[in-house]
Amino acid sequence: MRTALNKPADPLSQIYADLEPLRHTSGHQLADRMVADIFANAHLIASQVIQQDPLRNPRRRSRLDQLTASRLFGYPLMLLLLVGIFWLTISGSNLPSEMLSRFFFRFQDILSQWFQAGGAPLWLHGILVLGIYRTSAWVISVMLPPMAIFFPLFTLLEDLGYLPRIAFNLDSLFKKANACGKQCLTMCMGFGCNAAGVVSSRIIDSPRERLIAILTNNFVPCNGRFPTLIAITAIFTAGSAAFAWRHLLTAAAIALVICLGIAFTFAVSWGLSRTLLKGEPSSLVLELPPYRLPKFGAVLYRSLIDRTFFVLRRAVVVAAPAGAVIWALSNIYLGELNLIAHGAAFLEPLARLIGLDGFILMAFILGLPANEIVIPILLMSYLSTGSMLEIDSLAELGTILFAHGWTWLTAVNVLLFSLLHWPCSTALLSAYKETGSKKWTLLAFAIPTFIAFSVCFFVTQAARLLGWA
């Protein structure tokens with residue numbers, strides 16, 4: 001019996017036939033399909049040669065991913081975790097911050113006694129003790145406790161395997177903004193310090209998308225801006241709430257402000273990708289790691305040594321000489337006013353257009369070295385004390401602000417300006433080191449500055465036109 005044999009097809013023709021359905025597929029979709037096919041084949045091979053550990057339960061991981069990486073539950077869970085982390089940071093850092101402040105300012109009194117006993121001139125005592133030491137002490141007492149809480153919590157989520165799920169959830173939004181999903185991780189680092197967020201942009205392979213991440217990282221409020229955000233929201237938002245709910249309400253209000261900053265991150269990323277940094281977004285190849293128990297020793301070392309003290313050291317190095325300059329500006333008089341008051345008078349017309357006053361805008365300008373010192377500079381300017389003050393309570397701070405004409409519109413504009421304004425000098429220095437370009441460093445300063453002034457101007461003028469202020 002004769003059997004008919006099929007003639008083998010031409011190999012090239014078969015390849016063309018297999019590729020025919022992909023002819024009208026975009027480059028981005030093709031890359032996704034290629035990566036999906038590679039992972040599918042790798043999974044098939046691995047399932048044939050690797051024996052699964054019976055102690056691991058893949059169904060449990062799948063159920064967890066249905067919550068953490070789903071479109072329905074992923075975003076609410078992220079928001080709840082965000083509020084929870086800020087609540088722990090705010091409520092847990094109050095007492096340590098107060099203890100550090102008392103220690104440093106008691107030692108300041110001892111230093112003052114030594115200077116007096118040594119017959120040092122007043123200007124030297126002012127520059128070294130009331131300027132450099134007091135500014136450094138303020139930065140440490142304000143920054144260290146929140147960072148010592150926030151960074152371990154952040155690293156804990158990283159070790160648990162949850163941060164890649166956050167990047168997975170936000171990848172589609174970053175793709176719509178023509179940016180890379182890895183920018184989510186640099187954005188998370190920016191919560192601790194924008195300088196750290198800028199440096200972490202090295203994980204992004206595309207130079208174009210790395211620049212987008214650097215230029216937009218400032219819209220995530222860093223640890224240095226939290227004191228201003230916390231104080232203003234606590235006074236104007238949660239001031240009338242019961243004590244048990246005050247911290248939670250403050251954390252929720254700050255979370256809403258942060259969500260606004262994330263929205264600006266997406267919007268500015270989208271605008272840059274269609275103007276100065278045109279291009280197609282690269283694919284985010286992200287393997288979701290298994291959930292695992294964190295190694296607490298490694299978490300503490302990485303969060304405290306590699307992140308907290310590294311960021312704190314850079315902030316103090318920048319803030320210390322700035323303290324000497326600020327003291328000089330507040331103690332050098334031209335006529336009846338010091339230099340800070342003259343600067344505030346010059347800035348007053350511009351500040352009024354955006355719902356602030358000259359002293360507030362001057363405090364933000366002088367706070368360029370470190371955002372932590374904005375409120376102390378403002379209080380020093382309002383009360384004409386010649387050196388930065390320590391306020392015992394938020395109620396006392398609120399009394400001072402109301403006495404100097406603050407309204408709800410002033411508070412809203414201060415929150416918006418604090419969220420959107422220029423990066424600190426440490427972040428700008430990091431941007432210059434990462435880009436090696438004065439042009440991009442200047443844009444890292446100019447873009448948020450323009451947006452901050454524009455948004456505050458629009459809010460102020462709209463409120464005045466509607467008769468709300």
Side-chain angles (χ1 to χ4, degrees), residues 177-180 183 186-187 189-190 193-201 204 206-222 224-225 228 257-258 260-279 314-315 318 322 343 346-347 349-356 358 360-371 373-374 413-461:
N178 271 18
C180 178
Q183 187 175 335
T186 68
M187 186 174 64
M189 288 300 298
C193 176
N194 291 132
V198 169
V199 173
S200 66
S201 65
I204 300 177
S206 167
R208 181 189 72 87
E209 293 168 341
R210 192 183 310 129
L211 281 173
I212 292 177
I214 291 173
L215 296 177
T216 58
N217 192 265
N218 180 71
F219 296 115
V220 175
C222 67
R225 281 180 275 180
T228 302
V257 173
I258 289 170
L260 179 62
I262 294 174
F264 273 98
T265 300
F266 288 127
V268 176
S269 297
W270 182 86
L272 288 172
S273 67
R274 281 161 173 75
T275 53
L276 296 176
L277 296 169
K278 293 182 180 180
R314 294 183 68 172
V318 174
F346 175 77
L347 295 172
L350 176 62
R352 289 296 177 187
L353 287 175
I354 58 174
L356 307 177
I360 299 174
L361 189 54
M362 191 71 180
F364 276 110
I365 293 174
L366 294 177
L368 175 65
N371 289 302
I373 60 178
V374 169
N413 283 308
V414 169
L415 288 175
L416 290 173
F417 200 84
S418 180
L419 174 70
L420 303 173
H421 80 294
W422 53 80
C424 69
S425 56
T426 306
L428 289 173
L429 180 62
S430 299
Y432 179 73
K433 288 183 177 179
E434 293 301 314
T435 63
S437 168
K438 295 180 180 179
K439 168 191 171 182
W440 295 116
T441 306
L442 180 61
L443 282 174
F445 177 88
I447 291 173
T449 300
F450 174 77
I451 291 176
F453 276 91
S454 301
V455 170
C456 290
F457 176 81
F458 174 79
V459 170
T460 301
Q461 302 309 315

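Note: hydrogens, waters and symmetry copies are ignored here, and every other heavy atom, side chains too, is used. Just so we're clear, the structure is a prediction, and the values are computed from it rather than from any experiment. For this chain, numbers begin at 1 and follow the sequence in order.
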Excluding sequence neighbours, so at least two apart, what forms side chain to side chain contact (heavy atoms under 4.5 Å, CB included) with L347? L361, M362, I365

Any donor-acceptor N/O pair, S273 side chain to A177 backbone, under 3.5 Å: yes

With a 4.5 Å cut-off on side-chain heavy atoms, are L260 and L416 touching? yes

Which side-chain N or O atoms in residues 438-451 pair as donor and acceptor under 3.5 Å with protein atoms at least two apart or in another chain?
residue: T441; atom: OG1; partner: S437; partner atom: O; Å: 2.8
residue: T449; atom: OG1; partner: F445; partner atom: O; Å: 2.6

Looking at residues at least two apart in the chain, or sitting in another chain, which of them share a side chain to side chain contact (heavy atoms under 4.5 Å, CB included) with F457? L353, I354, Q461

Give, for atom CE of M187 and atom OG of S200, the distance between the pair rounded to the nearest 0.5 Å. 11.0 Å

Report yes if some heavy atom in the side chain of I204 is under 4.5 Å from a heavy atom in the side chain of I212; otherwise report no. no

By side-chain hydrogen bond (donor to acceptor under 3.5 Å, both in side chains) - contacts of R274 (at least two apart): none

Between P221 and I258, which heavy-atom pair has the shortest distance, and what is it? CG-CG1, 3.5 Å

What's the shortest heavy-atom distance between I214 and A431, and which atoms? CG2-CB, 4.0 Å

Across all chains, not counting sequence neighbours, the side-chain hydrogen bond (donor to acceptor under 3.5 Å, both in side chains) partners of N371 are H421

My understanding is that only residues two or more places apart in sequence, or in another chain, count here; which of them pass side-chain hydrogen bond (donor to acceptor under 3.5 Å, both in side chains) with T460? N413

When you measure from the side chain of S201 to the backbone N and O of G197, does any donor-acceptor pair fall under 3.5 Å? no

Main-chain N/O of N217 paired with N194 side-chain donor or acceptor, under 3.5 Å: yes

Among residues at least two apart in sequence or on other chains, which ones pass side-chain hydrogen bond (donor to acceptor under 3.5 Å, both in side chains) with S269? Q183

Excluding sequence neighbours, so at least two apart, what forms ring pair (Phe, Tyr, Trp, His ring centres under 6.0 Å) with F264? none

Spatial distance of atom CG (L428) from atom CG (L368) [nearest 0.5 Å]: 6.5 Å

Do you know the tightest heavy-atom contact between P369 and A322? CG-CB, 3.3 Å

Please find the pair of heavy atoms, one from T186 and one from A213, that lie closest to each other, and give the distance. OG1-CB, 4.0 Å

Using side-chain heavy atoms (C-beta onward) and a distance below 4.5 Å, is F219 in contact with L419? no

Heavy atoms of V220 and G190 approach each other most closely as CG1-C, 3.9 Å

The reported gap from CG in L272 to CZ in R208 (rounded to nearest 0.5 angstrom) is 9.5 Å

Calculate, to the nearest 0.5 Å, the distance between atoms OH and OG1 belonging to Y432 and T435 respectively. 8.0 Å

If the condition is side chain to side chain contact (heavy atoms under 4.5 Å, CB included), which residues does V414 pass it with, not counting sequence neighbours? T228, I232, L356, I360, F364, W406, T410

With rounding to the nearest 0.5 angstrom, report the OG1 to CG distance, T265 to L215. 11.5 Å

